[in-house]
Structures are given as C-alpha cells and as structure tokens.
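To find a chain, count down the sequence lines: A is the first, B the second, and so on, and within it residues start at 1.
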Amino acid sequence: MTHPQDPKSHLIALFQHAAGQFAKAEHLIIDLERPKQASHGDFACNVAMQLAKALKRNPREVAQAIVASLPASEWVEKTEIAGPGFINVFLKASAWQNVALQALAAGEQFGRGTLGQGKKIQIEFVSANPTGPLHVGHGRGAAFGASLANVLTHAGYQVQREYYVNDAGRQMDILALSTWLRYLALGNQFVPFPANAYQGDYVGAMADSIYALHGERYLRPAAEVSADAPDAAGDPEGHLDALIANAKRLLGADYAYVHGHALEEQLGDGRNDLTEFGVIFDTWFSEKTLHESGLIDKAVKQLQQHDHIYEQNGALWFRSTAFGDEKDRVVLRENGIYTYFAADIAYHLNKFERGFDRVIDVWGADHHGYIARVKGALTAAGADADRLTVALVQFAVLYRNGVKASMSTRSGQYVTLRDLRAEVGNDAARFFYVLRKSDQHLDFDLDLAKSQSNDNPVYYIQYAHARICSVLSAWGGVEADLADVDTSRLQHPQELTLLRRLAEFPETVDAAARDLAPHSIAYYLKDLAAELHGLYATCQFLVDDEELKLARLSLIAATRLVLQVGLGLLGVSAPERMSREEATTNEAGA
RNA sequence: GCCCCCGUAGCUCAGUGGAUAGAGCAUCCCCCUCCUAAGGGGAGGGUCACACGUUCGAUUCGUGUCGGGGGCACCA
C-alpha cells in the first residue's frame, strides 16, 4: 500500500484490493459512506451487497470474504459486518490526527480539489441589461455565480468569469431615448414621456450630467422628435420605435454619444456595485462586437449550410423543432434586424471557439424555455452542446416583518442590490443568497439577515472564527510552531469529531463543484462552526500541559484556516473580533 | 395545453439507492469564579403529499394523481 494520505482514499484502496477477487477493478465502484450513527463506525462500505446479486451469494458471506482479504492497515481499529451486509470500518484516532497538520501545511491550498484537473471552464453570469441599477434578482445570480466560480477554482478548474453586455439591442435604444427626452426637457423642449420608457431617477441624473457637460449641444425641437409617431396609447411600442428612429435621424452622429454615455454610466454603475459586492469579472463581452465583426452573419450562414434555416413571411427561421424545441424560432426578423437569439447563437459558438472545455451559463429561471433552442442551434452548427451547462437561478423574494416586500420594475420602485447591501451588509447578503440551491425559490428574510444575534447563521460561523482568533491571541505564541506538534494527544471525542469534519472539506469542495452547488459549502461551514463551538464548551485550550495545549491549538488553527477558506469561497469575510457590544453600538448608530 | 421547480418536524430548510431521516428557529428545562454566553447541553415534535412500479433495499429512481410557485414573443 502506498503511504496513506487521507483515511478515505486509503480505505477505498484497501477495499478495491480486497474486492478484486470478485470483480475486475474497473467494474468496482467502492462507495464509502459516513454513517449517521457512531455505532456504525467511521465508514460503511456496501460493496458486498452490490456484488451479491451477480455472484448469487449471500451478501454477508461476500462481506466476510472481503473483510478476510483486506490488507492490514495501521489506521484500522476493527471492522464489523452489520445489517444486510454492510462492512463498517472503525478507525483509530491516529487516522484522523494527521488532518490538522496536513491542513496547516497546505494553508490556503487545503481542500484544493482534483476534480477540475486544470481544465478550462468559463462561467458567464449576471449579464444584466445595462439599462438601470441591478436589482435583488441580479444579486442572486451575482452571488451564486461568483461563489460557484470560486468553488470551481478551488476544485482545480481554470476559471474565466464573463459578463455578456447587451449593448446592441432595442432596450439600450430605449434607455438612450429616455435619457435624451429628459435632457430635452432641461432645455425646455418638452416631449410627452412615454410610459414604457425608463422611468427611474437615474435617467434624469444622466440627462443632468449631459447638460452640465455639453450644454445645449444635443437639443432638437420637440415637435420634430415626435413627428409621425403613432399614438402612444394605441400603439405604445410603435410610438417608442418611432421616437427612437427620429432621435437617430435628428442627432445623426451625436446619437452615438448619447447612447454611449448612457451605456457607460449604467455599465460603470453596475460594475461598481458588483465590485463592492466582491463580484469581479475577467472579461466583459460586448454584444455589439458580434454584430460589427460579422459573427452573427457567419453563425446564421453556418446553420444555412447545414440546411437548418428557412424563409417564411419575410423572416429567416431556425428549424429548432428538429432539435427538440417545441416550435421554430426566428433569427432574422422581417425588418432585417437579427433577433437576440441570433446573437446568442453566435456568442455561444464564439465561446466554444475560445477553447473552453466547458461553458456554464447562469440564467434567470424565466429563461428556461430558451435552453432547448440554444443547445439545438449549437448542435445544428456542429458544436458539442453537452459542453454547455445552463444553471437556472430562481427568483429571490424579500420578506420584511414576515410580509413580502414587493418589487415592481414598471414603477421603478424595485429593490436594488445596492439597497439590499446597505440594509443587511455584504456578508449577510452573499451568504443568504447561496443558502438555497440555485434552482429553488429563495425567501430572503431581511430581518433575519440583519439580526445581530445567534439566529443568524452568518454570525454563528464568523463567531467561531473570531473565537479561535481570540484564543490564539491569548496564547501569544508563534503560530508557525503549531505546524509541527505531537497530535497524538488529540483523543477527546469532540476533538476527533472536529478532525473528521476537517477531513471532509476537500470532498465537500469537489462535490460542490461537481453539482454546481455552492450552498453545500455554506451548510458544511455551519456544521464545522457547530463542532468548534461544541469543542470550545467542552475543552479548555490553554491548559498547563504544554503538549496537549499545542496539539489543541493546532487543531483550532486548522479549523480557523478552513473557516477562512470556506467563507472566502462564498465571498464572506472572516472577522478576527466580534462582540455583541460593538454589534449593538453599530445597530444603534445605524 | 406544453415545459421547469417544489411538497420532509409548528415555521424556514438540509439530506441520501441503504441500517433508528437531520439542522436552525419556535416551545420547555438546564449551564458563565474559567480562552468572547453572538456559546453549550437536554426534552418534546415526522405516514419524507398520495398511489403504483423498478430494486435485496425507495424519503431518494420511474410513471401517474393531488397541491403550491414560475415560464411559454419576429422582447431582451
């Protein structure tokens, strides 16, 4: 046997060897469970039951044979055959005692998984239209995407974080028009402001800044702005489109300035907001460049060559029904403008061409009907659609005093991400956002997130970290000395429980990466914090027995490390000091 | 009509093809002379929505039913 690294992989190797008498290694899947009950040992193996049927033998008999040929191991205390044919393995304390020192030796690299194996993966998230402030729905996508990207990185992937900027569509034109109309009003050119234009105060603020910078340069007569526009009440969308067309004609080359100003302002605002939230992107991919570089033409031609495009009613349609979609989809409209879908096909083909082994899109759940057609188009164009995974993020609903805090985009009264962060803080916001599986509805309890109490799981975990810092600080020794202590003194059940939990961290990271489920990191940290608090209440760390003291300190130093790394994956801070007094003061001061 | 998500303790939710299904909150009872009580220990509380299948074994997988939420544009 090779030198044991961690107990689980060690045991898997032992079982693989022992079960080899019944099946070839490549057909053996050794599954080691951590039993819920201590009386079932450290690990339970069900391989005997799996094999029993093919062998037509009694599972307990098979288990006997496997146990008999298990190679000797200094870590194994005893094995038992239990129930229908489980092999329960009880480990000696020495199997776990290494864990703390291994963690300290690895430092921030502890738990660095092997799942990714350096593969290139791209995760695209948020990608909100830059037409206004980010709201709480975007916040969930941001927190989920950023945490997932961290988890994937820790699991050994080479990760690129990308934001797709919708800077080419009609929505941006509407924002530019809205801004311009507000600007015109500043110059006493009053055009009735359409109800379906952007209403928010930020639009007026942008108009103010344009007026302050450039005075009346972009003023045009109000009468000409609404010339020949259909009635706003009868055809609101046609009315808006006519105003946009007029704006482009009247402003000429200056239209690009207004459009660009609005885009830069809103994109910059979103970027600042996300940066403050700890959400950083490596690349900002512009939709406009897809149009300008001809990639959309190219993508549609590619589909045409494979005979997946037909013309009907003056538009070009992609035959997505041939790929499992429920109806065919337009790519080029009757008016000669590509649909968003066409741009998305080109965008995804481009992602694949950039050499990612895997691509993850984080979308709002309202886009779920979109998956079939995008994947269909990729397949139709000859790409491997299985390399694309779409993670859907359900909406978050805010609750205040047990009542739904409603959110309405139309009235401009929606809750912004910035408001939420100001109200509950970045840490609580990041943590609560990823506390649920992404594809499940999230009830965000504002009062709980704000509460500076033990009800709040964020504080519970952070407090475990602060407590450890406090002990190490009271000790006053050199922490580097803890990397080389005699850990055989760690015998207490609470100590072993904590050691076992630390050993689980690497596989927790890998599982979270595999399932695209950063929430499992949050639950792991809650368990880890609980066990630290349990130990804290049971054992004194700063005892007179020097060896025992150092052993215990190395254990909690390792725990602190895992808390830091784990909280870091979720984008939550790990404060060194916390006190209720400060919290109360803060609350009073706020 | 079609598609997606959900149904687990009073509430909010984890969880797993395995052996007696967990946590927090809420309720009740204990624990600071001691490294931070934002902590710890204990008690009560369950037909894992229902039915049928697959399986040695189903809360977990499949089908159906019921109930809740969301989505189905030549919008982006």
Side-chain angles (χ1 to χ4, degrees), chain A residues 31 33 35-37 39-40 44 46 49-50 52-53 58-59 82-86 88 127-129 131 166 168-172 174 237 287 312-317 325-327 329-335 337-344 364-372 392 394-395 397 399 402 435-443 445 448 451-464 466-475 519-520 522-523 526-527 529-530 532-543 549 552-553 556 577-584:
Chain A
D31 190 21
E33 301 267 324
K36 290 160 198 153
Q37 289 174 67
S39 63
H40 293 146
N46 63 6
M49 290 181 285
Q50 308 280 8
K53 190 176 188 189
N58 181 320
F86 291 103
N88 293 334
S127 298
N129 278 337
T131 52
N166 300 124
R170 180 169 176 265
Q171 295 305 317
M172 266 313 299
I174 297 173
E237 298 306 319
E287 181 191 358
Q312 188 183 312
N313 303 332
L316 287 187
W317 296 69
D325 200 2
E326 52 193 26
K327 58 172 286 202
R329 308 290 172 175
V330 171
V331 288
L332 185 66
R333 277 177 262 174
E334 197 180 354
N335 62 12
I337 297 173
Y338 282 118
T339 57
Y340 182 90
F341 176 45
D344 241 351
D366 53 332
H367 286 64
H368 95 264
Y370 210 73
I371 300 173
L392 293 179
Q394 288 285 349
F395 296 117
V397 181
Y399 284 84
L435 202 48
R436 299 275 168 272
K437 277 181 286 209
S438 61
D439 60 359
Q440 276 178 28
H441 297 268
L442 169 67
D443 290 337
D445 185 337
L448 180 58
S451 75
Q452 312 254 356
S453 76
N454 50 351
D455 304 357
N456 192 327
V458 188
Y459 290 109
Y460 183 79
I461 297 167
Q462 290 181 323
Y463 182 49
R467 269 185 147 176
I468 296 170
C469 291
S470 172
V471 174
L472 291 173
S473 154
W475 167 55
H519 77 280
S520 52
Y523 281 93
K526 277 164 84 169
D527 289 340
L532 184 277
H533 289 309
L535 178 65
Y536 191 98
T538 316
C539 296
Q540 184 86 10
F541 302 116
L542 300 175
V543 290
K549 178 173 80 180
R552 284 184 173 164
L553 290 176
I556 64 170
R577 257 196 304 269
M578 291 170 78
S579 74
R580 184 166 241 169
E581 289 69 35
E582 275 176 41
T584 314

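As judged by a 4.0 angstrom heavy-atom cut-off over every strand, A:Asn88 is placed among the base-contacting residues.
Straight-line distance between the P atoms of B:C5 and B:G62: roughly 10 Å, to the nearest whole Å. Nucleotides B:G53 and B:G10 are separated by 30 Å at their P atoms, to the nearest Å. Nucleotides B:G41 and B:U59, compared at atom C1', are 30 Å apart to the nearest Å. Look at the C1' atom in both B:A9 and B:U65: the space between them is 25 Å, to the nearest Å. Between B:C13 and B:A26, the distance separating the two C1' atoms is 14 Å to the nearest Å.
Across B:C4, B:C56, B:A19, the shortest atom-to-atom separation from the side chain of A:His368 is found for B:C4. Counting only heavy atoms from C-beta on, A:His441 has its side chain closest to B:G69 among B:C56, B:G69, B:A14. Looking at the side chain of A:Arg467, the nearest of the listed nucleotides B:G39, B:C5, B:U55 is B:G39. Minimum atom distance to the side chain of A:Leu542 is reached by B:C35, of the listed B:C5, B:C35, B:C13.
Remark: B:U27 base-pairs with B:A43. Criterion, Watson-Crick or G-U wobble with two distances under 3.5 Å. Searching all strands for a Watson-Crick or G-U wobble partner of B:A49 with both distances below 3.5 Å returns B:U65.
Shown here are the side chain to side chain contact (heavy atoms under 4.5 Å, CB included) partners of A:Phe395, two or more places apart in sequence or in another chain: A:Asp366. Judged as a side chain to side chain donor-acceptor pair (under 3.5 Å), and not counting sequence neighbours, the contacts of A:Tyr523 are A:Arg436. Partners of A:Lys549 under the side chain to side chain donor-acceptor pair (under 3.5 Å) rule, at least two apart in sequence or in another chain, are A:Glu546. Remark: A:Glu237 pairs with A:Arg170, A:Asn196 by the side chain to side chain donor-acceptor pair (under 3.5 Å) rule, at least two apart or across chains. The side chain to side chain donor-acceptor pair (under 3.5 Å) check on A:Arg552 picks up A:Glu495, with sequence neighbours excluded.
Between A:Tyr399 and A:Leu448, every side-chain heavy-atom pair lies at or beyond the 4.5 Å cut-off.
Both tests do not hold together for A:Arg333 against A:Tyr338: distance to the six-membered ring centre under 6.0 Å, angle to the ring axis within 45°.
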Output one line per pair: protein atom, nucleotide atom from nucleotides 72-76 of chain B, and distance, for all N/O pairs under 3.5 Å.
unit_1	atom_1	unit_2	atom_2	d
B:C72	O2'	A:Glu326	OE2	3.2
B:C74	OP2	A:Lys327	NZ	3.3
B:C74	O2	A:Glu334	N	2.9
B:C74	N4	A:Asn313	O	3.3
B:C75	OP2	A:Arg333	NE	3.4
B:C75	OP2	A:Arg333	NH1	2.7
B:A76	OP1	A:Arg333	NH2	2.5
B:A76	OP2	A:Tyr340	N	3.4
B:A76	O2'	A:Asn129	OD1	3.0
B:A76	O2'	A:Asn129	ND2	2.7
B:A76	N1	A:His367	NE2	3.0

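Residues A:Gln37 and A:Gly534 each lie close to RNA chain B; by heavy-atom proximity, the contact nearer the 5' end of the strand is made by A:Gln37.
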